[in-house]
Amino acid sequence: MAYINIILFSIFSFAKTDLLELTAKQNIQTLRLFYKKNDSNFYQRGKGSLAFSSNYKAFQVLNDDISSQYGVTTFDNSTFLLWKKFDINRVLSPAKDAEIFLYNIKEKKPERIGNGVSPQFHNDGKYFSYYSYTKKVLTVTKLDNRSRSYSIKINSKSPYFSPEVKISSKGRVYFTDQNDKMNMGLLSFDMESRKRELIYKLNEPTVNLSLCSTEDNLYILESSATQKSFTNLYRFSHLERDISKRDFLFQSSVGPAHSLICNVDKERIYMIKGIHGVSGNISELISYKFSDKKAYIHSDLKFVTNAMPIENEIYIPFRKKIYTLKDKEGKFVINKELVEKDE
């Protein structure tokens, strides 16, 4: 499950859209994680406090004497990864590690587990990971046996690089890294042998990879936003080691694309992608549908930069609001086939 890492954009005027706006008892801009089914949420309270609210009851989870920003992610609505990042007025560099905590909603005792960014759960909570800018180390830990923790050195020289990370059901860690020429590569780390292996090497520093994983497959989004822009979507079996045996699912001569999202439903895989619009290039949330091998546009905001899956739905934070893709009957509000002319 993704989290709400809210820096909601306030650019120009409010968007005109057919998408439905999410409403909540809390101020939308303070939400950090929410659940429509039981009407509960984590939210930023004041300048330095993270709170949890449910059934009109609220209590403090974390606090700081000075302004801090918080984030939350989970896999089962009971165990959470929380992180606290100092306000930008205190720390000028964006490449600054946050304090990361493990939190159980019943015990109500946040446990600090390290410093880093991009904390996330994998494989229905079997593992969690985070990356440290300071140490340039990716940490992967087994949730129910935290003595089984692995430190994977990241070689990128960029102070702002943060690796994409996914873990297969077979216990193999997939992650991205950069070489000395800033070219990105896809690597794997075997937890049993503790060996790392290069799976796929890119030849241009302008090309990026985005990953998502299901029980059987790793999905790889390869894309660039240069004059020779493109977008390629691959499916790579967890049982394979040879990248040449990947399946090509979707190809486009338009980029960039990023934020690949799996496991919302079994029929589709989602991403944010550049599209040629009437007044120039725009970016929208799209999906690739496996059954008919076609891509569909699901937003009309023209400048989508972030999307978050929560409770098997996808939400788009945009200009101080949050939009949902589906109506009350569970049907897409916007479901237009993506048709691109050959360049």
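Residue numbers run from 1 in the order of the sequence given. These values consider heavy atoms only, across backbone and side chains, with no hydrogens, waters or symmetry-generated copies.
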**OP:** Could you tell me the separation between the CZ atom of Arg194 and the CD1 atom of Ile152, rounded to the nearest 0.5 Å?
**Re:** 9.5 Å

**OP:** May I ask you to check if Lys293 and Tyr288 form a cation-pi contact, with NZ or CZ under 6.0 angstrom from the six-membered ring centre and within 45° of the axis?
**Re:** no

Original post:
Is any side-chain heavy atom of Ile261 less than 4.5 Å from a side-chain heavy atom of Ile314?
Top reply: yes

**OP:** Determine whether Phe52 and Arg45 make a side-chain contact, defined as any pair of heavy atoms from C-beta on separated by less than 4.5 Å.
**Re:** no

Original post:
Is the count of non-hydrogen atoms from other residues, nucleotides or ligands lying under 6.0 Å from Glu215 atom CD greater than 12?
Top reply: no

Original post:
Of the non-hydrogen atoms in Met191 and Gly171, which two are nearest, and what is the gap between them?
Top reply: CG-O, 3.3 Å

Original post:
How about His298 and Tyr323: are their ring centres within less than 6.0 Å of each other?
Top reply: no

Subject >> Carboxylate-amine/guanidinium contact Glu111 Arg146, below 4.0 Å >> reply: yes

Original post:
Got a salt bridge between Arg112 and Glu99, using NZ or NE/NH1/NH2 to carboxylate O under 4.0 Å?
Top reply: yes

**OP:** Check Ser213 against Ser168 and note the closest heavy-atom contact, atom names and distance.
**Re:** OG-CA, 4.5 Å

Subject >> Centroid separation Tyr219 to Phe236 less than 6.0 Å >> reply: no

Subject >> All pairs passing salt bridge (Lys or Arg N to Asp or Glu O under 4.0 Å) where residues 217-236 contributes a residue, at least two apart >> reply: Arg235-Asp247

Subject >> For Thr176, the option from Leu209, Val165, Leu187 that meets side chain to side chain contact (heavy atoms under 4.5 Å, CB included) >> reply: Leu209

Original post:
Do Asn123 and Ile167 come within less than 4.5 Å of each other through their side chains, counting heavy atoms only?
Top reply: yes

Subject >> Pairwise side-chain contact, Phe230 with Ser253, heavy-atom cut-off 4.5 Å (strictly under) >> reply: no

**OP:** Determine whether the side chains of Thr30 and Gln44 contain a donor N or O and an acceptor N or O closer than 3.5 Å.
**Re:** no

**OP:** Work out which heavy atom in Phe318 is nearest to a heavy atom in Phe303; give both atom names and the distance.
**Re:** CE1-O, 3.0 Å

Original post:
Between Ile269 and Cys212, which heavy-atom pair has the shortest distance, and what is it?
Top reply: CD1-SG, 3.5 Å

Original post:
Does anything in residues 122-143 pair up under salt bridge (Lys or Arg N to Asp or Glu O under 4.0 Å), and if so which pairs, sequence neighbours excluded?
Top reply: Lys142-Asp144

Subject >> Nearest-0.5 Å distance that lies between atom CG in Asp64 and atom CD in Gln69 >> reply: 11.0 Å

Original post:
Looking at Tyr315 versus Phe34, is the centre-to-centre ring distance below 6.0 Å?
Top reply: yes

Original post:
Which heavy-atom pair separates Pro205 from Asn183 by the least distance, and what is that distance?
Top reply: N-OD1, 2.9 Å

**OP:** Taking atom types as modelled, find out whether Thr134 and Asp97 have a side-chain donor-acceptor pair closer than 3.5 angstrom.
**Re:** yes

**OP:** Please determine, by modelled atom types, if Thr141 and Ser149 share a side-chain donor-acceptor pair under 3.5 angstrom.
**Re:** yes

**OP:** Answer with yes or no whether the hydrophobic clustering places Val264 together with Val333; edges join I, L, V, M, F, W, Y residues whose side-chain heavy atoms lie under 4.5 Å apart.
**Re:** yes

Original post:
Tell me, do Leu260 and Leu233 make a side-chain contact under 4.5 Å, heavy atoms counted?
Top reply: yes

**OP:** For Lys108, look at atom NZ and say whether over 12 heavy atoms of other residues, nucleotides or ligands are found less than 6.0 Å away.
**Re:** yes

**OP:** Please say which of Leu301, Leu325, Asp300 ends up in a side chain to side chain contact (heavy atoms under 4.5 Å, CB included) with Ile334.
**Re:** Asp300

Original post:
Using the benzene-type ring in the case of Trp, are the ring centres of Phe42 and Phe80 under 6.0 Å apart?
Top reply: yes

Subject >> Closest heavy-atom pair and its distance - Asn217, Ser237 >> reply: OD1-CA, 3.5 Å

Subject >> Tyr43 six-ring centre to Arg32 NZ/CZ under 6.0 Å and within 45° of normal >> reply: no

Original post:
Are Asp190 and Arg172 within salt-bridge range, i.e. N to O under 4.0 Å?
Top reply: yes

Original post:
Do Thr73 and Gln120 have side-chain N/O donor and acceptor atoms under 3.5 Å apart?
Top reply: no

**OP:** Determine yes or no for a side-chain-to-main-chain donor-acceptor pair under 3.5 angstrom, with Tyr70 supplying the side chain and Gly48 the backbone.
**Re:** yes

Original post:
Do Arg196 and Asp177 meet the salt-bridge criterion of a basic N to acidic O distance under 4.0 Å?
Top reply: yes

**OP:** Verify whether one side chain among His122 and Ser129 offers a donor that lies under 3.5 Å from an acceptor in the other.
**Re:** yes

Original post:
Does Lys166 make a cation-pi contact with Tyr174 (under 6.0 Å, within 45 degrees of the axis)?
Top reply: no

Subject >> Non-hydrogen side-chain atoms of Lys157 and Gln178 separated by less than 4.5 Å >> reply: no

